[in-house]
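Sequence lines set the chain letters: A, B, ... in the order given, protein chains first and strands last, and positions in each chain run from 1.
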Amino acid sequence: MADHDEYGAAVDDYLGRSYAERRHELLERGGWDPALASEFADLGWYSLAVPEEQGGLGVPLAALGPVFLQYGRHLVRGPMLEHSALPALVPGLAPATGARPPALVDPGVTDLWADDLGTITRRGPRLDGTVEAVRFAAQADRLVVVAGAAVCLVDPATRGVSIEPLAGADPGVEFARVEFDDVEAGTVLQDEDMVVRLRSWARLLLACELSGLARGSVERTVEHVARREQFGRPIGSFQAVKHLVADMHTRSTALENLCLAALGDADTAPPTELDLLACTAKAHASDVAVRVCEDAIQLHGGMGFTTESDVSWFYRRALALRGWYGDPTELQVRLGATLLDRIEEHA
Amino acid sequence: MSTVPTEELDAFRARAREWLAAVGPPEVPLDLDARFAVLRRWQRTLFDAGWLGLSWSKEAGGQALTHAHQLVFVEELVRARAPQPIGLIGLEVVGPSIDRYGTDEQRRDLLPRMLSGADIWCQGFSEPEAGSDLASLRTRAVLHGDHYVVTGQKIWTSWAHEAQWCALLVRTDPSVRKQAGISYLLVDMSSPGITTRPIRQMTGDREFCEVFLDDVRVPRSNLLGRENEGWAITSHTLGSERSGATLRRRVELEVALEDALGQLRSGGIDDDRVRAAVGRSHIAMRVLDAQTRRTTDRLAADTGPTPVDSVDKLVLNEAEQTVLAEIAGLLGPLRAVPGARPLGLRSDRWAHEHLYSRAASIYGGSAQVQRTIVAERLLGLPRG
Ligand SMILES: Cc1cc2nc3c(=O)[nH]c(=O)nc-3n(C[C@H](O)[C@H](O)[C@H](O)COP(=O)(O)OP(=O)(O)OC[C@H]3O[C@@H](n4cnc5c(N)ncnc54)[C@H](O)[C@@H]3O)c2cc1C
């Protein structure tokens, strides 16, 4: 993976210089900011993994992992997943020319809450159904729709498409409800593997983002406990505090290593393996990020409970991402089902 | 350190696999004495075929290959469901320190016998009053002419009752800072004045002992390294113990989980609780695997002990305790019936392995000690 670190380092460098002081103000305004989206587009961040024929850099998707880690660590908001992963994964989906992202209309974001999220059905080229929450649908200029084993490209202006913005509680994302009433799908790609790839890469990159959220919380916490004094000494000299911080660091480091190992294996993995890798990373990332953020808030005391501290933002972001493409329990069950069904490979 | 070409390792792996299949690993009896005898013969078989001491020097009886070869062989051994040789404390823990710090005579006289299993070794570090605070150990050694005279007590010494030799930490200078007065002696366990008393573990095994030392005479030539410089060697020994155990335990746990999955499949249950337990175990193993890829890199680069080893130890503890608790959790009420097969799982095996997993966060430096190292030496928090 070492050869991909350069992209993460470049993104880290830029965000450290020119995002840090704007962060809170931007987060307060919600998930969508066209100027910010254009700024990142101009930096070339969206086209890293886009094939060269389509004007991208053509680096492997795995190279986006360290970049998403930085997005998490710097609490970047906006449609980073949609902008950088969808054009790289869906043939015929040109990279965005302006700020507007594509949106992924996928009822397969969850198993347990599938009934609450809705369904899309396809008869020939026509689509029907509803998805109750879609990231950035109201801002999108194209819809990538997962309908069963097919992926369809739909222009949001097509007749029968209605998109209704929703009030959202994820500080980095805007949501909308999407309804299709006998909608003509522009392009239909019949490709079951592509559905697996779309969901797996969403899981892998969200896992990296969650891993970055955990890392950011650890860093803030180490700084804080070394500085804040009570009883006449830094709280970081109390063993109860030290051991909590050591666990946060250990969990967060192990999670990073898990993500990097999964990315390293993902580019060449066949669909079933890719699904296992991605579910594993996402399940663990959701679990660890939420726990680490909770410990960070605890160790910040009252300050941690305010919107002035970064750790409260890390936490709310981690909570919002925890259930997207599978919360830990859902994915554990899914992994177990796959593994138990498998016929033993080693004699 | 140079990296070994993949083709060479692949060929080595194929040879190991073929040999293991041909020789057929022994059945391991449950009774501890019988087990000991079988595993000692197994060590001899492995040694005669040239599979032990792979990364050790030729003078030490080894094969002068690399850590990478060692790792491949451990993997194949475990994959073949073959047991480990009995002398692991010599092979993984004490041996590498003797190879590194020993005189030519010590290496020539002691190491080949350690490898073959002719000599079983134990590690006499912990004392009743010196556990986590190992450097406060009190066992005294006083030089009289060309012999040290040793008096004191050790505890939790694994396999001391079966061992021919002991790597013994002693205090040779009580007047200086505690770490500065420790020496590392190589002690013949048949020396007059040594008594061992086995202690029963909660698994039922009598694997570790109390060791009493009463005016035991140890030749001066059995000092490892220099007098009062034993603490650095101790760190080296503990470092080998940790990295050896991490890499081996990873493969052992991987195979344990495969076995449990096989048993669950044959049990044919269909339940979300079982699936979630399997899912969590799988995740814990992938985390450990990703972490040990880093350990292997560091081992190949020969960085020596670092505070990062403590992160590895914590990750290993958590993985080991998670996987075995998840599997044992599926035994339900039949955990208490060793002959039962709840959901297809062998109750006796998983209950035993689960109990043993609780020791992982105690030996080799407790989890609390590791957390303090991570906080102070890696994250720079103030010493308290
Ligand atoms: C199965 C097994 C095999 C073993 N084999 C060997 C062997 O072959 N040779 C050998 O020499 N030893 C052996 N040991 C001993 C092992 O190394 C010690 O048990 C270990 O070092 C802990 O020491 P202790 O048992 O005295 O516990 P203590 O040091 O008394 O610790 C008790 C508890 O207090 C905590 N604690 C102690 N100090 C601190 C601190 N400063 N801050 C926070 N918490 C602290 C510990 O983490 C632990 O939870 C073995 C142990 C086991 C369980």
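Interface residue A:T280: backbone and side-chain heavy atoms are both found under 4.5 Å from chain B. For B:L378, the part lying under 4.5 angstrom from a heavy atom of chain A is the side chain only. When heavy atoms are compared at a cutoff of 4.5 Å, B:E376 approaches chain A solely by way of its side chain, counted from C-beta outward. Heavy-atom distances place both the backbone and the side chain of A:H243 under 4.5 Å from chain B. Interface remark: A:R233 contributes side-chain atoms only to the contact with chain B (heavy atom separation under 4.5 Å).
A:L335 and B:G279 get closest at one heavy-atom pair: CB-CA, 4.0 Å. Shown here for B:V315 and A:A254, the closest heavy-atom pair between the two residues is CG2-CB, 3.9 Å. When all heavy atoms of A:H249 and B:V374 are compared, the pair lying nearest together is CD2-CG1, 3.9 Å. In plain terms, the two heavy atoms of B:R275 and A:A337 that are nearest each other are CD-CB, 3.4 Å. Nearest heavy atoms, A:G336 versus B:V278: CA-CG1, 3.8 Å. A:A246 and B:A375 make their closest contact through CB-N, 4.2 Å (heavy atoms, listed as atom of the first residue, atom of the second, distance).
Here the OG1 atom belonging to A:T329 is positioned 7.0 Å from the CZ atom belonging to B:R280, to the nearest 0.5 angstrom. For the atom pair A:K282 NZ and B:I283 CD1, the distance stands at 11.0 Å (nearest 0.5 Å). Taken to the nearest 0.5 Å, the CG atom of A:L255 stands 11.0 Å off from the CD atom of B:Q291.
Counting non-hydrogen atoms of neighbouring residues, nucleotides and ligands closer than 6.0 angstrom, the CZ atom of A:F305 reaches no more than 12 such neighbours. Atom CG of A:D116 sits in a crowded spot, with more than 12 heavy atoms from other residues, nucleotides or ligands closer than 6.0 Å. Environment of CD in A:Q298: sparse, with no more than 12 heavy atoms of neighbouring residues, nucleotides or ligands closer than 6.0 Å. Applying the 6.0 Å contact sphere to CD of A:E192 captures no more than 12 heavy atoms from other residues, nucleotides or ligands.
The greatest number of non-hydrogen atom pairs below 4.5 Å with chain A, out of B:H282, B:Q370, B:R383, is found for B:H282. Ranking A:L277, A:L331, A:D247 against chain B, the residue ahead of the rest is A:D247, based on heavy-atom pairs under 4.5 Å. Heavy-atom pairs under 4.5 Å with chain A peak, among B:I269, B:V311, B:L264, at B:V311. Ranking B:L379, B:L314, B:I373, B:D270 against chain A, the residue ahead of the rest is B:L379, based on heavy-atom pairs under 4.5 Å.
With respect to A:D265 and B:R293, a salt bridge is recorded, a charged nitrogen being found less than 4.0 Å from a carboxylate O.
Side chain of B:R265 to backbone of A:L340: a donor-acceptor contact under 3.5 angstrom is found.
Side-chain contact check for A:K242 versus B:R371: every heavy-atom pair is 4.5 Å or farther apart. Residues B:E318 and A:R251 meet the side-chain proximity criterion, which asks for heavy atoms closer than 4.5 Å.
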